[in-house]
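These values consider heavy atoms only, across backbone and side chains, with no hydrogens, waters or symmetry-generated copies.
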Amino acid sequence: MRIRWPRRVFAQVLLVQVVLTTGVITLATVLFLAPLSSQLDQQAMRQALSIAQTTAATPGLAQDLLSTRPSVTGPVQEEAERIRRATGALYIVVMDTRGVRWSHTDVTRIGRHVSTDPSVALAGREIMQIDRGTLGRSARAKVPLHGPDGRIVGAVSVGIAYDSVRERLLATVPVLLLSAGAALGVGVVAALLVSRRLQRRTHGLAFADISALLDEREAMLHGIREGVIALDAQGRVRLLNDEAQRLLGLGPDASGRALDEVLPPGRTTDVLTGRVAGTDLLTVSGSRVLVANRMPTGDGGAVATLRDRTELERLGRELDSTHGLLDALRAQDHEHANRLHTLLGLLELGLYDEAVDFVGEVADAHRASAEQVAERVRDPLVSALLVGKSAIAAERGASLSVSAATLLPDRVVDPRDLVTVLGNLIDNALDAARSLVEVELRAEGTTVVLRVSDDGPGVPPEARERIFAEGWTTKLSPAHRGRGLGLALVRRLAERYGGMARVTARAGGGAVFTVVLPEALTGAELTTAVSAASAAPAASAGSAGGAR
């Protein structure tokens with residue numbers, strides 16, 4: 001039967017852990033038994049040496065060896081046997097300098113030469129060894145026996161049965177195996193628990209499946225056009241795809257760091273960290289309008305998705321402006337029809353001079369209004385915006401006027417940013433105004449100062465900071481876009497230039513929005529033409545009647 005390697009992760013981990021645990025315990029057992037056998041041998045030989053040294057030091061033994069003959073009942077045999085029985089030695093042999101035994105466990109060998117070479121001990125040196133003699137294999141020691149005058153008169157040889165050493169070694173094996181088995185069982189149980197936990201965490205997937213999922217995830221995350229940012233339970237960035245880096249202005253080094261460290265304080269950070277809850281939340285990051293959604297994960301973290309809605313928001317605002325212009329054109333169509341009827345009546349009555357004067361007055365009013373705006377606001381995009389907004393104001397029954405202090409040369413670095421700021425402020429002012437909106441554009445060196453005021457209800461002091469927050473609004477949102485982003489974009493643009501945006505109260509009632517944009521103009525001095533224009537009287541970009 002062919003044994004197959006398991007495919008699932010938990011099964012492979014379990015098998016590897018069991019094999020490793022078994023191998024480690026087996027190796028530890030072998031490494032323990034190998035020195036244990038050597039230690040037991042050394043212990044037995046040292047025990048034999050100690051008995052031999054004690055026997056050789058017995059008082060009177062050397063004198064008895066010199067004064068008597070080898071005998072079964074002699075004093076040497078009796079003393080040696082007494083010590084042997086007391087110590088449990090296998091044998092104690094006392095020999096003379098010729099190697100003749102004076103004592104032995106087998107009394108028939110007394111008086112005969114020893115079976116092993118005693119020359120080392122008779123030369124005055126002690127010896128320990130494992131050897132085989134007449135009584136079999138034993139751990140033995142030999143020491144010299146000194147006479148009363150200190151000269152060597154013989155030797156003492158002591159043996160410890162080697163079988164007893166082997167028995168002691170074998171006696172430790174069951175205990176050792178039992179301990180090893182217990183350790184193996186604990187290891188297997190621990191491995192099983194770890195594998196079961198791993199099975200739950202990996203959902204029973206195989207390594208090949210996990211590898212494929214990781215490859216697919218990388219391809220998907222870096223291929224989709226939505227930003228994806230994953231956070232762990234501590235709020236640290238765990239994953240950040242390319243689109244999220246682009247939308248949030250982050251680099252790859254943001255991974256592993258807390259979101260509050262890599263993003264500035266504000267609504268975007270609050271939405272991504274979960275401090276602001278909801279679905280399809282609008283937020284502003286730099287100059288981009290984003291739609292964010294946050295989904296918690298099972299480990300306490302979260303995954304947030306970001307969609308770039310900047311172009312959609314811009315198109316929505318353009319659609320609002322287009323609707324306003326259409327309404328203004330529709331109203332002007334009625335006005336033109338009335339003027340044509342008036343002109344037709346004058347012609348039918350034969351009042352030709354009055355008809356000519358009437359046409360001239362109407363044409364001069366339109367031309368003067370546009371020329372006065374263009375004279376004070378030299379940038380064509382900004383002046384066109386003011387002329388268009390004046391028509392919308394007239395349709396709503398309000399007047400949009402340009403302040404006498406307005407002086408803006410044609411040196412704007414990025415007119416689109418100025419149009420964004422001014423357009424948002426005028427739209428908000430027209431929504432709040434009762435009858436009057438006033439615009440002031442002033443250049444101070446390379447700094448542009450914008451002021452838009454209205455005679456509406458004004459902004460309460462406690463709400464003057466909140467109105468610049470993303471998503472804060474008191475108006476109903478149109479179907480094609482969200483509310484609460486215009487003033488947030490204004491402040492973000494101002495801060496990007498190093499300036500500021502604030503709102504104050506208007507004398508007589510209403511609100512005044514002031515935006516300062518440093519370095520929004522090129523060059524340091526105003527032109528002579530602009531300086532001369534400062535003496536011109538205040539011009540109206542179009543009143544409720546003039547716009548018609």
Let me see the working for V449 and E444 under side chain to side chain contact (heavy atoms under 4.5 Å, CB included), right down to the final yes or no.
-> CA-CA 7 Å; V449 179; E444 297 178 356; 4.0 Å; yes

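- At a threshold of 4.5 Å between non-hydrogen side-chain atoms, the residues T297 and R238 count as touching.
- Looking at F513 and T504, their side chains never come closer than 4.5 Å, going by heavy atoms from C-beta outward.
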Would you sort out whether N428 and I467 count as a side chain to side chain contact (heavy atoms under 4.5 Å, CB included), showing the intermediate values?
-> CA-CA 11 Å; N428 287 339; I467 62 172; over 6 Å; no

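- With contacts defined as side-chain heavy-atom distances shorter than 4.5 Å, the pair L407/P409 does not qualify.
- In this structure, the side chains of T514 and V512 come closer than 4.5 Å at one or more pairs of heavy atoms.
- Here CG of L263 is found 5.0 Å from CG of L250. Values are rounded to the nearest 0.5 Å.
- Atoms CZ and CG, on R246 and L306 in that order, are 11.0 Å from each other to the nearest 0.5 Å.
- Residues R492 and D417 are not paired through a salt bridge, judged by the lack of any N-O separation under 4.0 Å between the basic side chain and the carboxylate.
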Take L272 and L248 through the side chain to side chain contact (heavy atoms under 4.5 Å, CB included) test and state the conclusion after the steps.
-> CA-CA 11 Å; L272 295 180; L248 297 176; 4.0 Å; yes

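- Residues V237 and R257 have side chains not in contact (no heavy-atom distance under 4.5 Å, counting atoms from C-beta outward).
- Scanning both residues, N241 and V228, for their nearest heavy atoms gives OD1-N, 2.9 Å.
- For the atom pair T406 OG1 and R442 CZ, the distance stands at 9.0 Å (nearest 0.5 Å).
- Residues T447 and L521 form no side-chain contact, since every pair of their non-hydrogen atoms from C-beta on lies 4.5 Å or further apart.
- Using a 4.5 Å cut-off on side-chain heavy atoms (C-beta onward), L436 and S453 make no contact.
- For the residue pair S435 and D455, a side-chain donor N or O sits within less than 3.5 Å of a side-chain acceptor on the partner.
- Contact check on E465 versus R491 returns a salt bridge, with a Lys/Arg side-chain nitrogen under 4.0 Å from an Asp/Glu carboxylate oxygen.
- Using a 4.5 Å cut-off on side-chain heavy atoms (C-beta onward), L450 and V421 make contact.
- Rounding to the nearest 0.5 Å gives a distance of 9.5 Å between CG of L418 and CG of L381.
- Using a 4.0 Å cut-off between charged side-chain N and carboxylate O, R275 and D270 make a salt bridge.
- Interatomic distance, CG of L441 versus CZ of R451, reported as 11.0 Å (0.5 Å rounding).
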CA sep, side-chain torsions, deciding dist, call: N293, V271, side chain to side chain contact (heavy atoms under 4.5 Å, CB included) = CA-CA 8 Å; N293 284 282; V271 169; over 6 Å; no

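- A salt bridge does not link R464 with E462: every distance from a Lys NZ or Arg NE/NH1/NH2 to an Asp or Glu carboxylate oxygen is 4.0 Å or more.
- Considering T420, L422, I426 in turn, T420 is the only one that fulfils the side chain to side chain contact (heavy atoms under 4.5 Å, CB included) rule with N424.
- Rounding to the nearest 0.5 Å places CZ of R378 at 10.5 Å from OG of S383.
- With respect to the salt-bridge test (charged N to carboxylate O, under 4.0 angstrom), the residues D427 and K389 qualify.
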